[in-house]
Each structure stands twice: as C-alpha cells, then as structure tokens.
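Let me begin by presenting the structure, written as structure tokens, before commenting on it.
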Amino acid sequence: MRISDKRGFSSLFAAGLIVLLSLFGFAIASLVMTTQSIHADQLLYDRAFYVTQAGLEYAMRKIYEGVSPVVVSPGMGFGGGTFTIAREGRVVTVTGVYNTSQVVHSVTSPSQADCTEFDLTDVDLNNDGQNLQHIQFEKICLEQAVIDKIVASWTNPGSEGLRKIRIESQTVYDEPPVLSGQTTELADYIMTGNNMNNVNEMRFTNNMEGKTFTINFMMGDGSAESYTFTPD
C-alpha cells in the first residue's frame, strides 16, 4: 500500500470514529435526559401519592367525627400540593395533585351498621313479660344513621306478635302485630348526634318470659346488625 493510500484510509477511519463517537455521545446524552425526566416524574408522582394519602386520612377522620369529608375544588393544601374529596354513596374518592402529577384513590366508608353501637346487656321484660326494654344504641361515626326496619324472632313462636315499638319519645311502630321472623317496617328513626338512644318500649301481645330473642336491626343504607339475647 502506498503512503498516500495509508493516509487516506487513516483519514476515513478517523472520520468514521468521530461520527461513531458522536452518535454514542448523543445516545448517552438522550439516555441521561430520559432517565432524569423519568426520575423527575417519579418524584412528582410520589409527592402526589403522599398528598392523596393525607387526603384519605383527613376523610376518615371527618367521617369518624360525624362530619362530611367532602372537599371541593380548589382543594385543601398539604405538603405543597392539594387534595379534593368526593363521595358517592359509601365510596369516598380522593384526588391528590402535586405540580403536574395527579393520583386518585377510592375507599369504602363505614356503613351505618358499622357506625352504630348497640348495648343489650341490661335488656329485661316488664308489664307481665310483655314489654322488652333497655336496648340502647348510639352513632359513633358518619353524619347520620337511620334505623329503617327490624326483624325480630324468638324461640318457641306461637300466635304472639310484636305490636308496638317506641324509641325515646318517638313511636316508630304501632299495630298490627308482627309474627316471629317477619319484617317490621318502622317510621325511620334518624340519629344525627352521638347521644345514647333507648328503646323504651317493644311491646308484645303475650307474655314473652323464658324466650330467647334474635333482633336484626336494618339500617337506612341496607347494612344490618344482628343480636341474640335472653332478657333478665
């Protein structure tokens, strides 16, 4: 090979190497930029996620305080971001926003049955065994809870029936007698505060002494709680 040919080959090789190195450098720069962009997006997402979690904690706290958890736009600030809270039925949806990133998370709130505590430890019968009394209950969360109906059943049922129910001063059922295992439709008893409520009268047509009762309390949202007991 002549010297001029060697020089030409060297020049071409050098030029090719420069092009290759340029392309490699461009690829590295693009990769670095992409990685940095992904990292920045991940940081924004993480912060939006934590804002959303703060919104969920806020919503649950409000529900257990008996206050509406709804937060409308522009939202409530937290950690440099904001969150809004919507509710449809029992589904609570929190949207957390941080800069350009947004995270949405939904949870199911407690039911009315979950938020109502019943106490049947002092239940007894009076008036010749015809009146069941001293069933107590209270609302411990949500803005309100509604007792919509009950299903009362008892051992060794016969012709006897449940004919009247009074909660505090409100008569929620009055005739005709309802037999064991049948549904008693009540005038809705609405609880809005956290005060204790008393069933002052659950009157039957016959003496009910010696019977074991099961009462299913059915709430306004379709949830229910059932209790079995034998009165003193």
Side-chain angles (χ1 to χ4, degrees), residues 52-78 83-95 105-124 126 131-153 162-175 178 182-204 213-229 231:
T52 303
Q53 294 305 302
L56 288 170
E57 292 181 10
Y58 172 89
M60 290 300 103
R61 185 174 73 251
K62 289 301 179 182
I63 286 171
Y64 277 91
E65 289 175 353
V67 179
S68 172
V70 173
V71 176
V72 299
S73 181
M76 181 173 293
F78 178 83
F83 61 80
T84 57
I85 303 172
R87 182 170 64 176
E88 185 173 352
R90 291 180 56 201
V91 178
V92 177
T93 300
V94 178
T95 302
H105 194 90
S106 296
V107 295
T108 302
S109 74
S111 68
Q112 291 183 20
D114 294 331
C115 288
T116 306
E117 282 192 347
F118 291 86
D119 183 359
L120 290 86
T121 55
D122 295 324
V123 178
D124 61 6
N126 68 356
N131 185 43
L132 196 65
Q133 62 180 2
H134 297 149
I135 296 175
Q136 297 183 312
F137 56 92
E138 63 179 328
K139 181 181 69 65
I140 60 173
C141 54
L142 293 176
E143 299 98 298
Q144 73 172 31
V146 179
I147 297 184
D148 180 48
K149 54 180 73 84
I150 69 166
V151 177
S153 58
L162 175 59
R163 66 182 181 87
K164 185 176 181 180
I165 302 174
R166 183 166 54 89
I167 303 175
E168 296 294 340
S169 60
Q170 181 180 343
T171 298
V172 294
Y173 184 77
D174 193 5
E175 300 286 358
V178 180
Q182 295 182 340
T183 300
T184 304
E185 297 281 351
L186 308 179
D188 288 351
Y189 185 80
I190 302 172
M191 296 173 281
T192 55
N194 294 335
N195 53 302
M196 189 67 72
N197 302 269
N198 293 276
V199 178
N200 294 321
E201 186 177 8
M202 187 174 284
R203 189 172 295 277
F204 295 85
F213 293 81
T214 297
I215 299 181
N216 190 22
F217 296 91
M218 305 172 74
M219 312 302 289
D221 62 355
S223 58
E225 286 281 348
S226 183
Y227 297 87
T228 298
F229 59 94

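Note that this is a predicted model, so its numbers are computed, not measured.
- Here the side chains of N194 and K139 are in contact, with some heavy-atom distance below 4.5 Å.
- Annotation: side-chain hydrogen bond (donor to acceptor under 3.5 Å, both in side chains) contacts of R61 (sequence neighbours excluded): none.
- For the side-chain hydrogen bond (donor to acceptor under 3.5 Å, both in side chains) test, residues two or more places apart in sequence or in another chain that qualify with T214 are T228.
- To the nearest 0.5 angstrom, I85 atom CD1 is 10.0 Å from T52 atom OG1.
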| message | One pair to check against side chain to side chain contact (heavy atoms under 4.5 Å, CB included): I215 and I135. What are the steps and the verdict? | response | CA-CA 11 Å; I215 299 181; I135 296 175; 4.1 Å; yes

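- Considering all non-hydrogen atoms of both residues, M191 and I147 come closest at CE-CG1, 4.3 Å.
- Closest approach of S106 to V91, counting heavy atoms only: CB-CG1, 4.1 Å.
- Listed by chain and number, the residues in a side chain to side chain contact (heavy atoms under 4.5 Å, CB included) with E88 amount to none (sequence neighbours excluded).
- For the atom pair CZ (F78) and OH (Y58), the distance works out to 13.0 Å, reported to the nearest 0.5 Å.
- Heavy-atom minimum distance, L132 versus P231: CD1-CG, 3.5 Å.
- Applying the side chain to side chain donor-acceptor pair (under 3.5 Å) test to residues at least two apart or on different chains, the pairs with a partner in residues 108-120 are S111-D114, D119-T121.
- Annotation for I63 and P69: closest pair CG1-CG, 4.0 Å, computed over non-hydrogen atoms.
- Partners of Q136 according to the side-chain hydrogen bond (donor to acceptor under 3.5 Å, both in side chains) rule, which considers only residues two or more places apart in sequence or in another chain, are N198.
- Partners of R163 under the side chain to side chain contact (heavy atoms under 4.5 Å, CB included) rule, at least two apart in sequence or in another chain, are E175, P177, R203, T205.
- In this structure, CG on L56 lies 9.5 Å from OG1 on T93, to the nearest 0.5 angstrom.
- Ring-plane geometry between Y189 and F137 is classed as perpendicular, the angle between the planes exceeding 60 degrees on a 0 to 90 degree scale with a lower cut at 30.
- Atom CZ in R87 sits 5.0 Å away from atom OG in S68 (nearest 0.5 Å).
- Once rounded to the nearest 0.5 Å, the distance linking CD of Q133 with CZ of R166 reads 9.5 Å.
- With hydrogens and angles disregarded, no donor-acceptor distance shorter than 3.5 Å links the side chain of D188 to the backbone of I190.
- Heavy atoms only, all atoms of each residue included: P110 and C115 are closest at CB-SG, 3.6 Å.
- Between the side chain of N131 and the backbone N or O of M202 there is at least one donor-acceptor pair closer than 3.5 Å.
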| message | side chain to side chain contact (heavy atoms under 4.5 Å, CB included) for Y173 and L186? Distances and angles first, verdict last. | response | CA-CA 5 Å; Y173 184 77; L186 308 179; 3.9 Å; yes

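- Ring geometry, F213 versus F204: the interplanar angle falls from 30° to 60°, so the pair is classed tilted.
- One finds the OG1 atom of T171 at 10.0 Å from the CD1 atom of I165 (value rounded to the nearest 0.5 Å).
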